[in-house]
Amino acid sequence: MAKLGQEFYNRDTVEVARSLLGKELVRVWHGEDLVCRITETEAYVGRMDKACHAYGYRRTGRTETLFAPPGTAYIYLIYGMYCCLNFVTEPEGEPCAVLIRGAAPVQGGERMARGRFGCSPGEMTAYQKKHFLNGPGKLCMALHLTREQNGLDLTGSELYVRDSGCVPHQIYAGRRIGIDYAEEAAEFPWRFWI
DNA sequence: CTTCAGATGCTCT
DNA sequence: GAGCATCTGAAGA
């Protein structure tokens, strides 16, 4: 299926967050495709969203990537030990992104299990299987994504999203997670899942 | 199933 | 120095 181009990301952030659901995220690692289907996303809109790192166009070392062209990977360290994967959206200069919060494994389970638990898929407990990729930090561990991949071009060959042919039959929306500090923005229904 | 504490280091004030 | 777009394991219900 077709790799999504820059025009996909160069749209309203909430629309991109919704339309990413069901798509396949591909991470090429040591020559192998690690593939998962996106099941949960969140939208962050810098110009008016207090939860966004680049709220009010705040430009610092960390937020610099959010000012890159749409279709750029924004990966940052959180809580000192985990990484979160985002896709930059909207026309260049609008510091907006979609956080990838959860996914389901499709291909490359051996290497994803190694990255996540340091074991093979067969050694995973039922509990570990159930909670395999259902969090932004977990996803990055499984896909071997760190800040070294911050700024990657999603129209390149190392990390990209492609159409999977399947359309979600139902999309849920609710408030975003872990942003209670963001006042009124904490209530925006900008988390989406299937 | 639930809550809770602790880990750990970067970023910005 | 404070706080953070999180996760894990332990303990209790």
Side-chain angles (χ1 to χ4, degrees), chain A residues 9 12-18 20-21 25 27 36 38-68 70 72-90 94-105 112-119 123-152 154 159 161 172-194:
Chain A
Y9 305 97
D12 175 78
T13 306
V14 171
E15 270 310 300
V16 175
R18 290 177 57 92
L20 275 169
L21 296 171
L25 171 60
R27 154 69 159 154
C36 56
I38 297 170
T39 57
E40 186 178 355
T41 61
E42 282 180 358
Y44 287 85
V45 179
R47 58 182 168 277
M48 43 67 74
D49 177 6
K50 288 178 182 167
C52 184
H53 293 158
Y55 169 59
Y57 297 95
R58 190 168 67 143
R59 199 160 186 161
T60 65
R62 181 174 65 162
T63 64
E64 193 60 33
T65 309
L66 287 168
F67 291 86
T72 300
Y74 169 48
I75 302 177
Y76 63 89
L77 182 72
I78 188 64
Y79 296 118
M81 57 187 101
Y82 299 108
C83 289
C84 290
L85 170 66
N86 300 249
F87 302 150
V88 176
T89 58
E90 308 212 11
E94 285 296 330
C96 307
V98 173
L99 169 67
I100 310 303
R101 282 198 66 86
M112 288 196 280
R114 287 265 164 232
R116 179 92 164 76
F117 300 115
C119 71
E123 295 170 314
M124 284 166 57
T125 67
Y127 184 84
Q128 288 176 324
K129 286 175 186 167
K130 188 174 177 184
H131 299 273
F132 194 25
L133 304 175
N134 65 341
K138 301 174 186 178
L139 196 64
C140 287
M141 278 187 254
L143 298 181
H144 300 86
L145 290 171
T146 68
R147 282 174 301 163
E148 290 177 23
Q149 281 74 46
N150 183 38
L152 262 188
L154 294 168
L159 178 68
V161 180
Y172 302 89
R175 38 178 295 162
R176 293 171 292 176
I177 304 289
I179 53 155
D180 291 344
Y181 60 86
E183 302 174 21
E184 79 280 356
E187 308 300 327
F188 296 171
W190 285 356
R191 179 166 64 100
F192 303 100
W193 70 96
I194 55 181

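Note on naming: letters A, B, ... go to the chains in the order of the sequence lines (proteins, then strands), and numbering restarts at 1 for each one. Computed over heavy atoms, backbone and side chain alike; hydrogens, waters and symmetry mates excluded.
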Would you say a side-chain N or O of A:R58 is under 4.0 Å from OP1 or OP2 of B:dT13? yes
For A:R147, report the nucleic acid contact type (base, sugar-phosphate, nothing); a contact means any heavy atom under 4.0 Å. sugar-phosphate
Look at the side chain of A:T63 and the backbone N and O of A:L66, then say whether any donor-acceptor pair between them is shorter than 3.5 Å. no
Checking all strands, does A:R116 fall into the base, sugar-phosphate, or nothing category for heavy-atom contacts under 4.0 angstrom? sugar-phosphate
Which word best sums up how the rings of A:H53 and A:Y76 line up, parallel for under 30°, tilted for 30 to 60°, or perpendicular for over 60°? perpendicular
Expected output: side-chain A:Q128 to main-chain A:T125 donor-acceptor under 3.5 Å: yes
Can you say whether the rings of A:Y57 and A:F67 are parallel (under 30°), tilted (30 to 60°) or perpendicular (over 60°)? tilted
Base, sugar-phosphate, or nothing for A:R62, non-hydrogen atoms under 4.0 angstrom? sugar-phosphate
Distance from A:N86 atom CG to A:T65 atom OG1, nearest 0.5 Å? 10.0 Å
For A:L99, report the nucleic acid contact type (base, sugar-phosphate, nothing); a contact means any heavy atom under 4.0 Å. base
Return the 5'-most residue of the pair A:K130, A:Y79 with respect to DNA chain B, ranking by each residue's nearest nucleotide. A:K130
Anything below 3.5 Å on both distances counts as a pair; with that, list the stems of at least three consecutive Watson-Crick or G-U pairs involving DNA chain B. B:1-7 with C:6-12, B:9-12 with C:1-4
Heavy atoms only, 4.0 Å cut-off, all strands: where does A:H131 land among base, sugar-phosphate and nothing? nothing
Would you check, one step at a time, whether the test side chain to side chain contact (heavy atoms under 4.5 Å, CB included) holds for A:L133 with A:K138? CA-CA 5 Å; A:L133 304 175; A:K138 301 174 186 178; 5.6 Å; no
Counting only heavy atoms from other residues, nucleotides and ligands, does the tally under 6.0 Å from CD of A:E148 exceed 12? no
Short N-O contact, A:R47 and A:E90, less than 4.0 angstrom: yes
By nearest nucleotide on DNA chain B, pick out whichever of A:G61 and A:Y82 is the more 5' one. A:Y82
To the nearest 0.5 Å, atom OG1 of A:T13 lies from atom CZ of A:F87 at 13.5 Å
Using the heavy-atom set of chain A and a strict 4.0 Å cut-off, write down the first and last nucleotide of DNA chain C that makes it in, 5' to 3'. C:dC4 to C:dT8
For A:Y127 and B:dC1, what is the distance between atoms OH and C1' respectively, to the nearest whole Å? 10 Å
